[in-house]
Each structure stands twice: as C-alpha cells, then as structure tokens.
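Worksheet for the structure shown next.
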Number of protein chains: 2
Amino acid sequence: MDAKTLCLAVLSQGDASGYEIRKAVESGPFGHIQDIGYSSIYPALSRLHDDDLVSVTEYAQEGRPDKKVYKLTAEGRMSLLGALQEPTESDKTRSDFLFRMLFADILPPSVVEQMIDNRLQEIEATLARINARSNAGFENTGDAFLNGFAATVQRAMADYIEENRYQLVGSSLVPQRAVAE
Amino acid sequence: MDAKTLCLAVLSQGDASGYEIRKAVESGPFGHIQDIGYSSIYPALSRLHDDDLVSVTEYAQEGRPDKKVYKLTAEGRMSLLGALQEPTESDKTRSDFLFRMLFADILPPSVVEQMIDNRLQEIEATLARINARSNAGFENTGDAFLNGFAATVQRAMADYIEENRYQLVGSSLVPQRAVAE
DNA sequence: TACAATATATATCATTTTGTAATATAGGTC
DNA sequence: GACCTATATTACAAAATGATATATATTGTA
C-alpha cells in the first residue's frame, strides 16, 4: 500500500495528526505489515488534502508546531473503499538476516552464531508484543485474524531457525578446503 | 539490502550483466527475500563502477544494445564482505492481502472470499517453485537453509489462512447487529 | 538536583527506489 | 500475420526513505 492509502486507512479509524498516524501504524495492527516514516506521511497528507480526501483543523500549541488534525471526507472514505478492492500485489518479505545466511559459508562462525541469536531474540520480542496486543483485545475480526497470523508465522520462523541452525554454523565451522583435502 | 549490495552479492556468484542480475534475483535464492527492477540495477552498477567495486567488459551484439558484463573487483569483494557484517535491519513483511483483511468487516463477503482463494493459490504456486528449486539442488548451505525456511513459512501461512478464514468471512456475512440481538 | 532521554509535532532536503515507457530484434505461438 | 516472450539498456517522473532541524515538556536516572 502506498503512503496515501495507509493514511486513509488509519484515518478511517479516527481523526489523527501526522504524528499520531505514525504512532498508530507503529503500535497498531498495521505495524505487522507496514512501515512508515514522517517523511512519507506529511507529503501524503498534503496531497490527500489537495484532492479533498481529508480535511484539516489546526490547533495552536505552545512549544510545539501547531497540531494539524486530519479527518476523512466522504470522498476520502469512498477512495479508501475503492483502493481496498483494487488488485493486490503479491506479499513481500525482506530479510537482512536471511540475506546474510546465504553467505554463512564465508562468514566467521561466531558472527553467524551471533546473527542467529539476535534474530531469535527479535522474534521473541515480536511475539511478546503480539501477545500483549492479544490480551488488550481487538478492534475487529481482521485485527484478531492478523494478530493470530503474525503469531503463527513468527513461531514457525523461530522453530525452523532453532531446528536448522546447526546446518549453517556447521558449514562455516569446517572450512571447505579442509573437506576437499 | 540496498541495490548496490544486492548487485555485489549476485556478482560474487559469477559475472553478469544487469539483465542477468535481474533474472538471477528473480529465480534464485535472493528472490525469496528481495525484489529488484532494472531501474534500480543499472544506476547501482554505474555507481559501483565509479567506485571501482566492479569492472566492465562490453560485448557488441546485433539487434540489441551492447551487453555489459560486470565483474567483482578485489575491492568489491571486500566491500561485500564488509556489508555482510554491518548491523542487520529487522525483517519486514508487506502484505496487501493482510491489509485488506483488516477491513474484512466492511468489504463484500464475496470479495473477501475471492481474495482469500487468490492468496491461497499464490502460496501454493510459491511452494511449487520452492520444491522445484529443492529438486534442482542447492549451491551452498545458506541456499538450502533459506529454501527450507521459505517452505516452512509459506506452509504455516496457508494452514493458518485455511483454518481461520471462517472468522473473516463469517464476520462479513453476518452483520454485527444481528449477532448482538 | 542536574543531566539525559523520551515524547510531542512538523518540515525539508538529498538520496534511493520504483514504475513506466522507449528502443530494437529474434523466435515461438495462435 | 499478429501477438507475446526473451534479450538488453536507458531515461525520466513520482514516490519513499533517511537524516537533520527546530523547540519544549515530561520522565527517568545517576
């Protein structure tokens, strides 16, 4: 999803400022599958405003820039509904960790070990966050579905890594030349 | 990984043109975790050449542009090895499908059904490709590890979706008011 | 208590990435 | 014969990303 659609999606659950949109994505259900920074959000909101898909109310504040609270217009709501029914792109995973594992053969074993341990810790941290969200209750069915999905996938990843890590580290412990000789 | 590092990574497995790098990423092990288009590859190769991380040999061809075959320099090889040991970013998944599922409540049930079926088909297609690669044999341990990883995760996704799809479609079939009454 | 870190809030700029089209030809399919 | 796919690179606009700037209140730590 592009930044504009993501902003519309967050705003469909309640009015928000750019700053609040960021927080909502980070800690809400969208966070499982999306990532967005301020440098994407603010230009997106400007363009949405140009197209009358959102309206703005400014609140003066002391010590900070004025807070601009955005609100979906009827047009914006229609636009979101339209976007949701457009053809989906296929899912994508980017993994720096797996990328490095492709080079396990040529990396120092201790480095590989460390990377694996770090990744497993990250997964456990993610699982903890998922469980916390699950205890806090869900906004709708999709939210519950996605949380369960994320938990299942993270667990599968951790299990696979734990069961197969010896392949990687074993291979880097024994230099290939030694095997050939 | 950025485009430059990805190019270095592919070139570390053999000399290639931009076009061939694209194909290698698409159908090789990198394809599980990376995506890259020509509009990223060619500028990346230019910059790598500027920095002497790759060298080029041009081959004249008829009917097509000259083929430029790139080759890692010693410097390029060092640079790749360095990049592999830099801190990893956390893994990221983008899913248009899951994004839409968050709005299952407000989408027509038939549309949701269709999206789920499409997604399951895509996963099966991906699994078929993974199995084909597994039968073709692996280049190194990392490759085998990643293939198994991808298979495990895709299978976990499909199973979860099949077991929980009724939640989503049920929710959009039965208006919430009807449940409350 | 002093100092540091975090939270609040937006803007901007350079760099990267992405999507799309242009170009040109050979070979296979309907 | 028309159309699609494969080969191969370039160019350009649009979008996303990372980093920095600005300014202050609050919270946490030593």
Side-chain angles (χ1 to χ4, degrees), chain A residues 1-11 15-27 30 33-51 53-54 56-70 83 86-90 92 94 96 99, chain B residues 1-8 10-11 15-27 30 33-51 54 56-70 83 86-90 92 94 96 99:
Chain A
M1 305 311 314
D2 57 13
K4 283 194 288 184
T5 308
L6 186 49
C7 287
L8 290 178
V10 174
L11 291 174
D15 304 347
S17 64
Y19 187 79
E20 289 163 346
I21 289 176
R22 172 83 207 271
K23 277 194 302 174
V25 170
E26 225 182 10
S27 58
F30 295 112
I33 44 165
Q34 295 285 332
D35 224 12
I36 195 164
Y38 298 123
S39 51
S40 300
I41 291 174
Y42 290 114
L45 288 171
S46 293
R47 271 173 293 138
L48 289 173
H49 190 231
D50 292 344
D51 296 344
L53 302 181
V54 299
V56 197
T57 315
E58 282 194 51
Y59 296 95
Q61 294 197 131
E62 281 171 43
R64 307 181 216 300
D66 291 355
K67 184 173 177 174
K68 296 186 194 169
V69 175
Y70 293 86
E86 263 166 36
T88 53
E89 276 180 62
S90 62
K92 278 165 204 169
R94 329 219 121 184
D96 269 23
F99 184 87
Chain B
M1 305 310 314
D2 57 12
K4 282 195 286 185
T5 309
L6 187 49
C7 287
L8 290 178
V10 173
L11 291 174
D15 304 347
S17 64
Y19 187 79
E20 288 163 346
I21 290 176
R22 172 84 208 272
K23 277 194 302 175
V25 171
E26 223 182 11
S27 57
F30 296 112
I33 45 166
Q34 295 285 333
D35 223 13
I36 196 165
Y38 298 123
S39 52
S40 301
I41 291 174
Y42 290 113
L45 288 172
S46 292
R47 271 174 292 138
L48 290 172
H49 190 232
D50 292 345
D51 297 345
V54 299
V56 196
T57 315
E58 283 195 49
Y59 296 95
Q61 295 198 131
E62 282 172 41
R64 307 181 218 300
D66 291 356
K67 184 173 178 173
K68 296 186 193 167
V69 174
Y70 293 86
E86 264 166 35
T88 53
E89 276 179 62
S90 62
K92 277 164 205 171
R94 329 219 121 182
D96 269 22
F99 184 86

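Convention: sequence-line order gives letters A, B, ...; per-chain numbering from 1.
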Grab the N/O contacts between the protein and nucleotides 13-16 of chain D below 3.5 Å, and write none if there aren't any.
unit_1: D:dA16; atom_1: OP1; unit_2: A:Ala3; atom_2: N; d: 3.0

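Taking the charged nitrogens against the carboxylate oxygens, A:Glu89 and B:Arg94 have no contact shorter than 4.0 Å, which rules out a salt bridge.
Here chain A contacts DNA chain C (any atom closer than 4.0 Å to a heavy atom, that is under 4.0 Å), and the contacts span C:dA7 to C:dT18 from 5' to 3'.
To the nearest 0.5 Å, atom CG of residue B:Leu45 and atom CD1 of residue B:Ile21 are 4.5 Å apart. Interatomic distance, CD1 of B:Ile36 versus CG of B:Asp2, reported as 9.0 Å (0.5 Å rounding). Interatomic distance, CD1 of B:Ile41 versus OG of B:Ser17, reported as 9.0 Å (0.5 Å rounding). Going from atom CG of B:Leu6 over to atom CZ of A:Phe99 covers 5.5 Å, rounded to the nearest 0.5 Å.
Nearest heavy-atom pair across A:Leu48 and A:Cys7 is CD1-CB, 3.8 Å.
B:Glu86 has its CD atom 14 Å from the P atom of D:dG18, to the nearest Å. One atom, CG of B:Asp66, and another, C1' of D:dA8, lie 10 Å apart when rounded to the nearest Å. Taking atom NZ on B:Lys67 and atom C1' on D:dA6, their separation rounds to 12 Å, with Å as the unit. Computed from coordinates, the B:Arg22 CZ to D:dT9 P distance equals 13 Å when rounded to whole Å.
Residue contacts for A:Gly18: at a heavy-atom cut-off of 4.0 Å it reaches the sugar-phosphate backbone alone, with no base atom in range.
Judged purely by atom type and a 3.5 angstrom limit, B:Asp96 has no side-chain atom pairing as donor or acceptor with the backbone of A:Ser90.
Contact annotation: B:Gln61 reaches the phosphate of D:dA8 (side-chain N/O to OP1 or OP2, under 4.0 Å).
Using bins of under 30°, 30° to 60° and over 60° for the plane-to-plane angle, the ring pair A:His49/A:Tyr70 lands in the perpendicular bin.
If you find the closest nucleotide of DNA chain D to B:Lys92 and to B:Tyr38, the one lying nearer the 5' end belongs to B:Tyr38.
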